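Data first, discussion second: the structure below is written as C-alpha coordinates.
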2 protein chains.
Amino acid sequence: MLTYTEENYIKCIYALSDDNKKEVFTNDLAEAVKTKPASVSDMLKRLHSKKLINYKRYKGVTLTRSGKEHALKIIRKHRLWEVFLVDKLKFTWDQVHEVAEQLEHIQSQLLIERLDEFLGYPAYDPHGDPIPSAEGVMKIKKQILLSEMKKNQSGEVSCLKDTSSSFLQYLDTLGIEIGSKIKIEDIADYDRSVTVILNKNRKIVISEKVSTNIFVSI
Amino acid sequence: MLTYTEENYIKCIYALSDDNKKEVFTNDLAEAVKTKPASVSDMLKRLHSKKLINYKRYKGVTLTRSGKEHALKIIRKHRLWEVFLVDKLKFTWDQVHEVAEQLEHIQSQLLIERLDEFLGYPAYDPHGDPIPSAEGVMKIKKQILLSEMKKNQSGEVSCLKDTSSSFLQYLDTLGIEIGSKIKIEDIADYDRSVTVILNKNRKIVISEKVSTNIFVSI
DNA sequence: AAAAAAATTCAGTATAACCTAAATTTTATT
DNA sequence: AATAAAATTTAGGTTATACTGAATTTTTTT
(Lines give C-alpha, C1' and ligand atoms only; values in the text may rest on other atoms or scores of the structure.)
Protein backbone atom coordinates (compact mmCIF):
# COMPACT_ATOMS: atom_id res chain seq x y z
CA MET A 1 0.00 0.00 0.00
CA LEU A 2 1.46 3.35 -1.06
CA THR A 3 1.13 6.64 0.80
CA TYR A 4 -0.45 9.68 -0.80
CA THR A 5 2.99 11.19 -1.42
CA GLU A 6 4.48 8.00 -2.84
CA GLU A 7 1.60 7.81 -5.31
CA ASN A 8 2.26 11.36 -6.44
CA TYR A 9 5.92 10.62 -7.04
CA ILE A 10 5.13 7.50 -9.05
CA LYS A 11 2.60 9.39 -11.14
CA CYS A 12 5.06 12.21 -11.84
CA ILE A 13 7.88 9.83 -12.74
CA TYR A 14 5.58 8.14 -15.25
CA ALA A 15 4.50 11.47 -16.73
CA LEU A 16 8.04 12.82 -17.05
CA SER A 17 9.43 9.56 -18.46
CA ASP A 18 7.18 9.66 -21.54
CA ASP A 19 5.59 6.25 -20.93
CA ASN A 20 8.74 5.01 -19.19
CA LYS A 21 10.92 5.47 -22.28
CA LYS A 22 13.38 7.99 -20.74
CA GLU A 23 15.13 8.31 -17.38
CA VAL A 24 13.77 10.96 -15.03
CA PHE A 25 16.21 13.22 -13.15
CA THR A 26 16.03 14.41 -9.59
CA ASN A 27 15.79 18.13 -10.31
CA ASP A 28 12.98 17.73 -12.83
CA LEU A 29 11.10 15.52 -10.44
CA ALA A 30 11.61 18.03 -7.62
CA GLU A 31 9.99 20.72 -9.76
CA ALA A 32 7.12 18.43 -10.73
CA VAL A 33 6.22 17.45 -7.17
CA LYS A 34 6.95 20.97 -5.92
CA THR A 35 9.65 20.09 -3.44
CA LYS A 36 13.45 20.29 -3.14
CA PRO A 37 15.87 17.90 -4.87
CA ALA A 38 17.13 16.79 -1.46
CA SER A 39 13.64 15.62 -0.51
CA VAL A 40 13.36 13.77 -3.80
CA SER A 41 16.56 11.85 -3.09
CA ASP A 42 15.09 10.70 0.23
CA MET A 43 11.96 9.51 -1.47
CA LEU A 44 13.79 7.78 -4.33
CA LYS A 45 15.63 5.64 -1.80
CA ARG A 46 12.28 4.63 -0.32
CA LEU A 47 10.68 3.88 -3.69
CA HIS A 48 13.73 1.84 -4.64
CA SER A 49 13.54 -0.21 -1.43
CA LYS A 50 9.89 -0.90 -2.29
CA LYS A 51 11.02 -2.05 -5.75
CA LEU A 52 8.95 0.56 -7.58
CA ILE A 53 11.83 2.24 -9.42
CA ASN A 54 15.14 1.33 -11.01
CA TYR A 55 17.60 3.66 -9.33
CA LYS A 56 21.36 4.19 -9.62
CA ARG A 57 22.71 7.28 -7.83
CA TYR A 58 23.23 10.23 -10.21
CA LYS A 59 21.84 8.25 -13.15
CA GLY A 60 18.15 9.08 -13.09
CA VAL A 61 15.23 6.69 -12.51
CA THR A 62 12.70 4.64 -14.42
CA LEU A 63 9.72 2.71 -13.11
CA THR A 64 9.87 -1.04 -12.58
CA ARG A 65 7.01 -3.15 -13.87
CA SER A 66 5.34 -2.85 -10.49
CA GLY A 67 5.88 0.91 -10.43
CA LYS A 68 4.36 1.33 -13.87
CA GLU A 69 1.32 -0.71 -12.88
CA HIS A 70 0.79 1.60 -9.92
CA ALA A 71 1.19 4.67 -12.14
CA LEU A 72 -1.38 3.47 -14.65
CA LYS A 73 -3.88 2.71 -11.89
CA ILE A 74 -3.56 6.23 -10.53
CA ILE A 75 -3.89 7.76 -14.00
CA ARG A 76 -6.93 5.58 -14.64
CA LYS A 77 -8.59 6.85 -11.48
CA HIS A 78 -7.64 10.47 -12.17
CA ARG A 79 -9.10 10.41 -15.66
CA LEU A 80 -12.28 8.56 -14.73
CA TRP A 81 -12.95 11.11 -12.00
CA GLU A 82 -12.38 13.90 -14.53
CA VAL A 83 -15.03 12.37 -16.77
CA PHE A 84 -17.40 12.17 -13.80
CA LEU A 85 -16.81 15.80 -12.82
CA VAL A 86 -17.35 17.12 -16.34
CA ASP A 87 -20.11 14.81 -17.58
CA LYS A 88 -22.15 14.44 -14.41
CA LEU A 89 -21.34 17.43 -12.22
CA LYS A 90 -20.95 20.02 -15.02
CA PHE A 91 -17.45 21.06 -14.08
CA THR A 92 -15.51 23.01 -16.71
CA TRP A 93 -12.13 21.82 -18.00
CA ASP A 94 -10.20 24.16 -15.78
CA GLN A 95 -12.07 23.22 -12.59
CA VAL A 96 -11.47 19.47 -12.69
CA HIS A 97 -7.77 19.12 -12.14
CA GLU A 98 -7.42 20.15 -8.50
CA VAL A 99 -10.28 17.91 -7.37
CA ALA A 100 -9.22 14.93 -9.49
CA GLU A 101 -5.77 15.21 -7.88
CA GLN A 102 -7.44 14.40 -4.57
CA LEU A 103 -9.94 11.82 -5.82
CA GLU A 104 -7.26 9.77 -7.60
CA HIS A 105 -5.94 8.64 -4.20
CA ILE A 106 -9.17 7.08 -2.94
CA GLN A 107 -8.52 3.38 -2.35
CA SER A 108 -11.33 1.12 -3.52
CA GLN A 109 -11.34 -1.36 -6.36
CA LEU A 110 -15.10 -1.65 -6.30
CA LEU A 111 -15.55 2.12 -6.44
CA ILE A 112 -13.49 2.55 -9.57
CA GLU A 113 -15.06 -0.44 -11.35
CA ARG A 114 -18.54 0.85 -10.61
CA LEU A 115 -17.62 4.41 -11.57
CA ASP A 116 -16.27 3.15 -14.90
CA GLU A 117 -19.52 1.30 -15.51
CA PHE A 118 -21.64 4.30 -14.40
CA LEU A 119 -19.79 6.54 -16.87
CA GLY A 120 -20.27 4.05 -19.72
CA TYR A 121 -16.67 2.81 -19.93
CA PRO A 122 -15.21 6.00 -21.45
CA ALA A 123 -11.98 5.62 -23.47
CA TYR A 124 -10.87 9.26 -23.18
CA ASP A 125 -10.99 11.93 -20.49
CA PRO A 126 -12.34 15.45 -21.06
CA HIS A 127 -8.90 16.64 -22.22
CA GLY A 128 -8.79 13.84 -24.79
CA ASP A 129 -6.21 11.78 -22.94
CA PRO A 130 -6.76 8.02 -23.07
CA ILE A 131 -8.00 6.24 -19.94
CA PRO A 132 -6.03 3.06 -19.12
CA SER A 133 -8.17 -0.07 -18.71
CA ALA A 134 -8.17 -1.97 -15.42
CA GLU A 135 -5.35 -4.05 -16.98
CA GLY A 136 -3.33 -0.93 -17.78
CA VAL A 137 -3.93 -0.73 -21.54
CA MET A 138 -4.60 2.58 -23.29
CA LYS A 139 -6.23 3.13 -26.67
CA ILE A 140 -4.20 5.60 -28.61
CA LYS A 141 -5.58 7.52 -31.58
CA LYS A 142 -3.29 8.60 -34.42
CA GLN A 143 -2.86 12.26 -33.66
CA ILE A 144 -0.75 15.20 -34.80
CA LEU A 145 -0.42 18.83 -33.81
CA LEU A 146 -2.82 21.22 -35.50
CA SER A 147 0.26 23.21 -36.55
CA GLU A 148 1.54 20.20 -38.51
CA MET A 149 -1.62 19.78 -40.58
CA LYS A 150 -1.70 20.63 -44.30
CA LYS A 151 -4.13 22.85 -46.19
CA ASN A 152 -7.57 21.20 -46.71
CA GLN A 153 -6.78 18.42 -44.21
CA SER A 154 -9.60 17.51 -41.76
CA GLY A 155 -9.68 16.04 -38.29
CA GLU A 156 -11.09 16.18 -34.79
CA VAL A 157 -9.61 17.94 -31.75
CA SER A 158 -8.45 15.07 -29.54
CA CYS A 159 -6.05 16.29 -26.89
CA LEU A 160 -4.31 19.38 -25.53
CA LYS A 161 -0.60 19.83 -24.86
CA ASP A 162 -1.05 22.92 -22.66
CA THR A 163 -3.72 22.30 -20.03
CA SER A 164 -3.33 25.56 -18.09
CA SER A 165 -6.51 27.34 -17.02
CA SER A 166 -5.74 30.36 -19.17
CA PHE A 167 -5.39 28.23 -22.30
CA LEU A 168 -8.54 26.24 -21.57
CA GLN A 169 -10.49 29.42 -21.01
CA TYR A 170 -9.18 30.96 -24.23
CA LEU A 171 -10.24 27.85 -26.18
CA ASP A 172 -13.69 28.25 -24.68
CA THR A 173 -13.96 31.76 -26.07
CA LEU A 174 -12.85 30.44 -29.48
CA GLY A 175 -15.51 27.72 -29.25
CA ILE A 176 -12.98 24.90 -29.51
CA GLU A 177 -13.44 21.76 -27.41
CA ILE A 178 -12.44 18.10 -27.47
CA GLY A 179 -14.31 16.52 -30.36
CA SER A 180 -14.64 19.72 -32.40
CA LYS A 181 -14.44 19.04 -36.15
CA ILE A 182 -11.70 20.96 -37.89
CA LYS A 183 -10.73 21.64 -41.50
CA ILE A 184 -7.67 23.71 -42.46
CA GLU A 185 -8.64 26.39 -44.95
CA ASP A 186 -5.41 28.31 -45.13
CA ILE A 187 -2.00 28.72 -43.51
CA ALA A 188 -0.36 32.17 -43.54
CA ASP A 189 3.32 32.05 -44.48
CA TYR A 190 3.97 35.30 -42.63
CA ASP A 191 3.18 34.24 -39.01
CA ARG A 192 2.09 30.58 -39.42
CA SER A 193 -1.43 31.49 -38.27
CA VAL A 194 -4.06 29.04 -39.47
CA THR A 195 -7.54 29.73 -40.81
CA VAL A 196 -9.83 26.91 -39.74
CA ILE A 197 -13.42 25.87 -40.46
CA LEU A 198 -14.83 24.82 -37.09
CA ASN A 199 -17.68 22.28 -37.03
CA LYS A 200 -18.38 23.02 -40.71
CA ASN A 201 -20.03 26.33 -39.91
CA ARG A 202 -17.59 28.84 -38.40
CA LYS A 203 -14.36 30.32 -39.67
CA ILE A 204 -11.73 31.24 -37.08
CA VAL A 205 -8.07 32.24 -37.15
CA ILE A 206 -5.67 30.47 -34.79
CA SER A 207 -2.21 31.77 -33.88
CA GLU A 208 0.85 29.55 -34.08
CA LYS A 209 1.11 29.55 -30.29
CA VAL A 210 -2.36 28.03 -30.06
CA SER A 211 -2.01 25.62 -33.01
CA THR A 212 1.12 24.08 -31.49
CA ASN A 213 -0.84 23.18 -28.35
CA ILE A 214 -3.76 21.33 -29.90
CA PHE A 215 -3.61 17.70 -30.99
CA VAL A 216 -5.95 16.57 -33.76
CA SER A 217 -6.85 12.96 -34.59
CA ILE A 218 -6.87 12.31 -38.36
CA MET B 1 -7.29 23.86 7.12
CA LEU B 2 -7.50 20.66 9.16
CA THR B 3 -5.45 17.53 8.64
CA TYR B 4 -7.07 14.20 7.85
CA THR B 5 -6.56 13.06 11.44
CA GLU B 6 -7.87 16.28 12.99
CA GLU B 7 -11.02 15.91 10.91
CA ASN B 8 -11.51 12.39 12.20
CA TYR B 9 -11.16 13.50 15.81
CA ILE B 10 -13.66 16.35 15.32
CA LYS B 11 -16.13 13.99 13.68
CA CYS B 12 -15.80 11.44 16.50
CA ILE B 13 -16.18 14.07 19.21
CA TYR B 14 -19.39 15.23 17.57
CA ALA B 15 -20.72 11.69 17.26
CA LEU B 16 -19.90 10.77 20.88
CA SER B 17 -21.25 14.05 22.28
CA ASP B 18 -24.80 13.42 21.03
CA ASP B 19 -25.06 16.64 18.99
CA ASN B 20 -22.67 18.41 21.38
CA LYS B 21 -24.97 17.99 24.37
CA LYS B 22 -22.56 15.93 26.54
CA GLU B 23 -18.83 16.12 27.28
CA VAL B 24 -16.67 13.52 25.57
CA PHE B 25 -13.99 11.74 27.59
CA THR B 26 -10.48 10.82 26.56
CA ASN B 27 -10.78 7.06 26.91
CA ASP B 28 -13.98 6.87 24.86
CA LEU B 29 -12.44 9.03 22.19
CA ALA B 30 -9.30 6.88 22.15
CA GLU B 31 -11.43 3.83 21.48
CA ALA B 32 -13.41 5.63 18.75
CA VAL B 33 -10.35 6.79 16.82
CA LYS B 34 -8.52 3.52 17.53
CA THR B 35 -5.55 4.96 19.37
CA LYS B 36 -4.22 5.28 22.94
CA PRO B 37 -5.51 7.82 25.51
CA ALA B 38 -2.07 9.45 25.64
CA SER B 39 -2.23 10.21 21.92
CA VAL B 40 -5.68 11.67 22.38
CA SER B 41 -4.38 14.03 25.05
CA ASP B 42 -1.74 15.29 22.59
CA MET B 43 -4.35 15.88 19.95
CA LEU B 44 -6.79 17.58 22.31
CA LYS B 45 -4.11 20.15 23.11
CA ARG B 46 -3.71 20.84 19.39
CA LEU B 47 -7.45 21.07 18.75
CA HIS B 48 -7.77 23.41 21.72
CA SER B 49 -5.00 25.68 20.43
CA LYS B 50 -6.88 25.81 17.12
CA LYS B 51 -10.02 26.81 19.05
CA LEU B 52 -12.02 23.80 17.85
CA ILE B 53 -12.80 22.37 21.30
CA ASN B 54 -13.54 23.57 24.82
CA TYR B 55 -11.00 21.78 26.94
CA LYS B 56 -10.17 21.76 30.65
CA ARG B 57 -7.74 19.05 31.75
CA TYR B 58 -9.48 15.96 33.18
CA LYS B 59 -12.94 17.42 32.46
CA GLY B 60 -13.81 16.09 29.03
CA VAL B 61 -14.34 18.14 25.86
CA THR B 62 -17.10 19.69 23.77
CA LEU B 63 -16.86 21.32 20.37
CA THR B 64 -16.75 25.09 20.00
CA ARG B 65 -19.01 26.73 17.45
CA SER B 66 -16.20 26.48 14.90
CA GLY B 67 -15.56 22.84 15.77
CA LYS B 68 -19.21 21.95 15.36
CA GLU B 69 -19.34 23.66 11.98
CA HIS B 70 -16.39 21.56 10.85
CA ALA B 71 -18.04 18.39 12.17
CA LEU B 72 -21.30 19.05 10.34
CA LYS B 73 -19.47 19.73 7.08
CA ILE B 74 -17.67 16.40 7.33
CA ILE B 75 -20.90 14.57 8.17
CA ARG B 76 -22.62 16.30 5.27
CA LYS B 77 -19.94 15.11 2.88
CA HIS B 78 -19.91 11.59 4.31
CA ARG B 79 -23.66 11.17 3.96
CA LEU B 80 -23.91 12.73 0.49
CA TRP B 81 -21.21 10.35 -0.74
CA GLU B 82 -23.12 7.44 0.79
CA VAL B 83 -26.19 8.44 -1.20
CA PHE B 84 -24.06 8.62 -4.35
CA LEU B 85 -22.54 5.20 -3.76
CA VAL B 86 -25.89 3.52 -3.13
CA ASP B 87 -28.13 5.38 -5.58
CA LYS B 88 -25.74 5.78 -8.50
CA LEU B 89 -23.08 3.11 -8.11
CA LYS B 90 -25.33 0.35 -6.69
CA PHE B 91 -23.30 -0.20 -3.54
CA THR B 92 -25.03 -2.12 -0.75
CA TRP B 93 -25.40 -0.68 2.74
CA ASP B 94 -22.46 -2.58 4.13
CA GLN B 95 -20.08 -1.58 1.31
CA VAL B 96 -20.44 2.19 1.59
CA HIS B 97 -18.91 3.02 4.92
CA GLU B 98 -15.23 2.36 4.27
CA VAL B 99 -15.23 4.33 1.02
CA ALA B 100 -17.29 7.23 2.42
CA GLU B 101 -14.74 7.49 5.25
CA GLN B 102 -12.16 8.38 2.59
CA LEU B 103 -14.36 10.55 0.38
CA GLU B 104 -15.52 12.72 3.29
CA HIS B 105 -12.04 14.28 3.43
CA ILE B 106 -11.96 15.56 -0.16
CA GLN B 107 -11.67 19.35 -0.05
CA SER B 108 -13.84 21.17 -2.57
CA GLN B 109 -16.84 23.37 -1.94
CA LEU B 110 -17.89 23.21 -5.58
CA LEU B 111 -17.70 19.42 -5.63
CA ILE B 112 -20.05 18.98 -2.72
CA GLU B 113 -22.54 21.58 -3.94
CA ARG B 114 -22.68 19.97 -7.36
CA LEU B 115 -22.91 16.48 -5.89
CA ASP B 116 -25.84 17.59 -3.73
CA GLU B 117 -27.58 18.99 -6.81
CA PHE B 118 -26.77 15.87 -8.89
CA LEU B 119 -28.32 13.65 -6.20
CA GLY B 120 -31.46 15.80 -6.04
CA TYR B 121 -30.78 17.43 -2.65
CA PRO B 122 -31.42 14.31 -0.53
CA ALA B 123 -32.47 14.90 3.11
CA TYR B 124 -31.45 11.44 4.40
CA ASP B 125 -28.61 9.02 3.72
CA PRO B 126 -29.12 5.32 2.90
CA HIS B 127 -29.09 4.45 6.63
CA GLY B 128 -31.85 7.01 7.25
CA ASP B 129 -29.57 9.53 8.98
CA PRO B 130 -30.32 13.17 8.17
CA ILE B 131 -27.91 15.06 5.89
CA PRO B 132 -26.93 18.50 7.23
CA SER B 133 -27.53 21.38 4.80
CA ALA B 134 -24.62 23.55 3.67
CA GLU B 135 -25.54 25.81 6.61
CA GLY B 136 -25.37 22.88 9.04
CA VAL B 137 -29.09 22.29 9.61
CA MET B 138 -30.54 18.76 9.79
CA LYS B 139 -34.17 17.71 9.33
CA ILE B 140 -35.10 15.32 12.06
CA LYS B 141 -38.05 12.95 11.85
CA LYS B 142 -39.92 11.80 14.96
CA GLN B 143 -38.61 8.32 15.42
CA ILE B 144 -38.71 5.53 18.01
CA LEU B 145 -37.21 2.08 18.31
CA LEU B 146 -39.21 -0.73 16.73
CA SER B 147 -39.04 -2.44 20.13
CA GLU B 148 -40.92 0.48 21.71
CA MET B 149 -43.86 0.32 19.29
CA LYS B 150 -47.29 -0.88 20.40
CA LYS B 151 -49.51 -3.53 18.83
CA ASN B 152 -51.20 -2.34 15.61
CA GLN B 153 -48.97 0.73 15.38
CA SER B 154 -47.57 1.57 11.90
CA GLY B 155 -44.48 3.36 10.67
CA GLU B 156 -41.58 3.39 8.28
CA VAL B 157 -38.03 2.11 8.91
CA SER B 158 -35.97 5.31 9.11
CA CYS B 159 -32.61 4.64 10.71
CA LEU B 160 -30.42 1.88 12.19
CA LYS B 161 -28.66 1.92 15.54
CA ASP B 162 -26.32 -0.96 14.71
CA THR B 163 -24.66 -0.41 11.34
CA SER B 164 -22.32 -3.40 11.38
CA SER B 165 -21.98 -5.42 8.19
CA SER B 166 -23.43 -8.52 9.79
CA PHE B 167 -26.56 -6.67 10.91
CA LEU B 168 -27.03 -4.99 7.53
CA GLN B 169 -26.66 -8.32 5.76
CA TYR B 170 -29.14 -9.99 8.09
CA LEU B 171 -31.68 -7.23 7.42
CA ASP B 172 -31.21 -7.86 3.71
CA THR B 173 -32.17 -11.50 4.16
CA LEU B 174 -35.24 -10.40 6.13
CA GLY B 175 -36.13 -7.98 3.32
CA ILE B 176 -36.01 -4.92 5.59
CA GLU B 177 -34.55 -1.67 4.26
CA ILE B 178 -34.80 2.06 4.95
CA GLY B 179 -38.27 3.13 3.89
CA SER B 180 -39.91 -0.28 4.46
CA LYS B 181 -43.49 0.07 5.72
CA ILE B 182 -44.09 -1.69 9.00
CA LYS B 183 -47.14 -2.64 11.07
CA ILE B 184 -46.88 -4.41 14.43
CA GLU B 185 -49.19 -7.42 14.46
CA ASP B 186 -48.16 -8.97 17.75
CA ILE B 187 -45.57 -8.85 20.52
CA ALA B 188 -44.69 -12.08 22.36
CA ASP B 189 -44.52 -11.67 26.13
CA TYR B 190 -42.16 -14.61 26.45
CA ASP B 191 -39.11 -13.28 24.51
CA ARG B 192 -40.29 -9.84 23.33
CA SER B 193 -40.11 -11.02 19.71
CA VAL B 194 -42.33 -9.00 17.37
CA THR B 195 -44.53 -10.20 14.52
CA VAL B 196 -44.53 -7.56 11.81
CA ILE B 197 -46.39 -7.00 8.52
CA LEU B 198 -43.73 -5.79 6.08
CA ASN B 199 -44.82 -3.59 3.17
CA LYS B 200 -48.43 -4.77 3.67
CA ASN B 201 -47.72 -8.14 2.12
CA ARG B 202 -45.26 -10.19 4.15
CA LYS B 203 -45.35 -11.43 7.73
CA ILE B 204 -42.01 -11.78 9.54
CA VAL B 205 -40.87 -12.38 13.11
CA ILE B 206 -38.18 -10.14 14.55
CA SER B 207 -36.15 -10.94 17.68
CA GLU B 208 -35.72 -8.42 20.46
CA LYS B 209 -32.06 -8.02 19.58
CA VAL B 210 -33.04 -6.88 16.09
CA SER B 211 -36.04 -4.76 17.12
CA THR B 212 -33.90 -2.72 19.50
CA ASN B 213 -31.60 -1.75 16.65
CA ILE B 214 -34.16 -0.39 14.19
CA PHE B 215 -35.61 3.11 14.36
CA VAL B 216 -39.06 3.70 12.89
CA SER B 217 -40.55 7.08 11.99
CA ILE B 218 -44.20 7.37 13.06
C1' DA C 1 43.26 17.53 -17.58
C1' DA C 2 41.77 21.24 -14.69
C1' DA C 3 38.17 24.32 -13.45
C1' DA C 4 33.42 25.59 -13.45
C1' DA C 5 28.71 24.37 -13.47
C1' DA C 6 25.09 21.29 -12.60
C1' DA C 7 23.12 17.57 -10.30
C1' DT C 8 22.81 14.87 -6.40
C1' DT C 9 23.52 13.29 -1.77
C1' DC C 10 24.40 13.85 3.18
C1' DA C 11 23.62 15.76 7.76
C1' DG C 12 20.81 17.94 10.62
C1' DT C 13 16.07 20.01 11.75
C1' DA C 14 10.91 20.31 12.03
C1' DT C 15 6.22 18.64 12.36
C1' DA C 16 2.38 15.30 12.74
C1' DA C 17 0.97 11.44 14.79
C1' DC C 18 1.78 7.79 17.37
C1' DC C 19 3.73 4.86 21.34
C1' DT C 20 5.08 3.19 26.55
C1' DA C 21 5.73 4.12 31.18
C1' DA C 22 5.26 7.02 35.00
C1' DA C 23 3.03 10.71 37.41
C1' DT C 24 -1.05 13.19 38.47
C1' DT C 25 -5.90 14.14 39.19
C1' DT C 26 -10.51 12.74 39.86
C1' DT C 27 -13.95 9.52 41.44
C1' DA C 28 -15.52 5.71 44.14
C1' DT C 29 -15.22 2.92 48.27
C1' DT C 30 -14.49 1.90 52.71
C1' DA D 1 -11.45 11.54 55.61
C1' DA D 2 -8.29 8.14 54.00
C1' DT D 3 -7.41 4.89 50.57
C1' DA D 4 -8.08 2.37 46.32
C1' DA D 5 -9.32 2.44 41.61
C1' DA D 6 -10.01 4.65 37.37
C1' DA D 7 -9.16 8.20 34.21
C1' DT D 8 -6.15 11.40 32.35
C1' DT D 9 -2.02 13.81 31.52
C1' DT D 10 2.99 14.36 31.16
C1' DA D 11 7.56 12.92 29.85
C1' DG D 12 10.36 10.97 26.70
C1' DG D 13 10.93 8.41 22.57
C1' DT D 14 9.75 6.64 17.52
C1' DT D 15 8.53 6.84 12.64
C1' DA D 16 7.23 9.11 8.29
C1' DT D 17 7.58 13.03 5.61
C1' DA D 18 9.85 16.85 3.89
C1' DC D 19 12.55 20.80 4.70
C1' DT D 20 17.55 23.70 4.45
C1' DG D 21 22.30 24.21 3.74
C1' DA D 22 26.75 22.09 3.05
C1' DA D 23 29.39 18.60 0.86
C1' DT D 24 30.12 15.45 -2.84
C1' DT D 25 29.90 13.51 -7.46
C1' DT D 26 29.20 13.94 -12.30
C1' DT D 27 29.15 16.51 -16.49
C1' DT D 28 30.52 20.24 -19.30
C1' DT D 29 33.53 23.73 -20.71
C1' DT D 30 37.75 25.71 -21.32
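The analysis underlying the following values was restricted to heavy atoms, covering all of them including side chains, and did not include hydrogens, waters or symmetry mates. Each chain gets a letter, A, B and so on, in the order the sequences are listed, and its residues count up from 1. None of the values given here were measured: they were computed from a predicted structure.
- Atom CE of A/Met43 and atom P of D/dT15 are 18 Å apart (whole Å).
- Residue A/Asp42 contributes atom CG, which lies 14 Å from atom P of C/dG12 at whole-angstrom precision.
- To the nearest angstrom, C1' of D/dT20 lies 20 Å from NZ of A/Lys34.
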Report all interatomic pairs (protein N or O, nucleotide N or O of nucleotides 2-9 of chain C) with separations under 3.5 Å.
unit_1 : atom_1 : unit_2  : atom_2 : d
C/dT8  : OP2    : A/Thr26 : N      : 3.0
C/dT8  : OP2    : A/Asn27 : N      : 3.0
C/dT9  : OP1    : A/Tyr55 : OH     : 2.3
C/dT9  : OP2    : A/Ser41 : OG     : 2.4
C/dT9  : OP2    : A/Tyr55 : OH     : 3.0

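- Pairs engaging residues 157-169 of chain B under the salt bridge (charged side-chain N to carboxylate O under 4.0 Å, His left out) rule: none recorded [sequence neighbours left out].
- Pairs engaging residues 207-218 of chain A under the salt bridge (charged side-chain N to carboxylate O under 4.0 Å, His left out) rule: none recorded [sequence neighbours left out].
- Remark: A/Glu7 engages no residue in a salt bridge (charged side-chain N to carboxylate O under 4.0 Å, His left out) (not counting sequence neighbours).
- Residues A/Thr62 and A/Asn54 have side chains that bring a donor and an acceptor to within less than 3.5 angstrom of each other.
- Not counting sequence neighbours, the partners of B/Tyr4 by the side chain to side chain contact (heavy atoms under 4.5 Å, CB included) test are B/Asn8, B/Gln102, B/His105.
- Remark: B/Tyr9 pairs with no residue by the ring-ring contact (aromatic ring centres under 6.0 Å, His included) rule, at least two apart or across chains.
- Regarding contacts with the backbone of D/dT17, a side-chain N or O of A/Thr3 is found under 4.0 angstrom from either OP1 or OP2.
- Atom CD of B/Glu23 and atom C1' of C/dT26 are 14 Å apart (whole Å).
- Counting to the nearest Å, the P atom of C/dT13 and the NZ atom of A/Lys36 are 19 Å from each other.
- Protein atom CG of B/Leu29 is 10 Å distant from nucleotide atom P of D/dT8, rounded to whole Å.
- Here A/Glu23 does not pair with A/Lys56 in a salt bridge; the nearest charged N to carboxylate O distance is not below 4.0 Å.
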Using residues 109-121 of chain A as the side-chain source, report each donor-acceptor pair under 3.5 Å to any protein atom, sequence neighbours left out, with the distance given to one decimal.
unit_1   : atom_1 : unit_2  : atom_2 : d
A/Arg114 : NH1    : B/Leu89 : O      : 2.9
A/Arg114 : NH1    : B/Lys90 : O      : 2.8
A/Asp116 : OD2    : A/Arg76 : NH2    : 3.1

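- The stretch residues 40-54 of chain A participates, sequence neighbours left out, in these salt bridge (charged side-chain N to carboxylate O under 4.0 Å, His left out) pairs: A/Glu6-A/Arg46, A/Glu6-A/Lys50.
- DNA chain D is contacted by no residue of residues 8-21 of chain A, taking any non-hydrogen atom closer than 4.0 Å.
- A/Leu2 places its CG atom 15 Å from the C1' atom of D/dT17, with the value rounded to the nearest Å.
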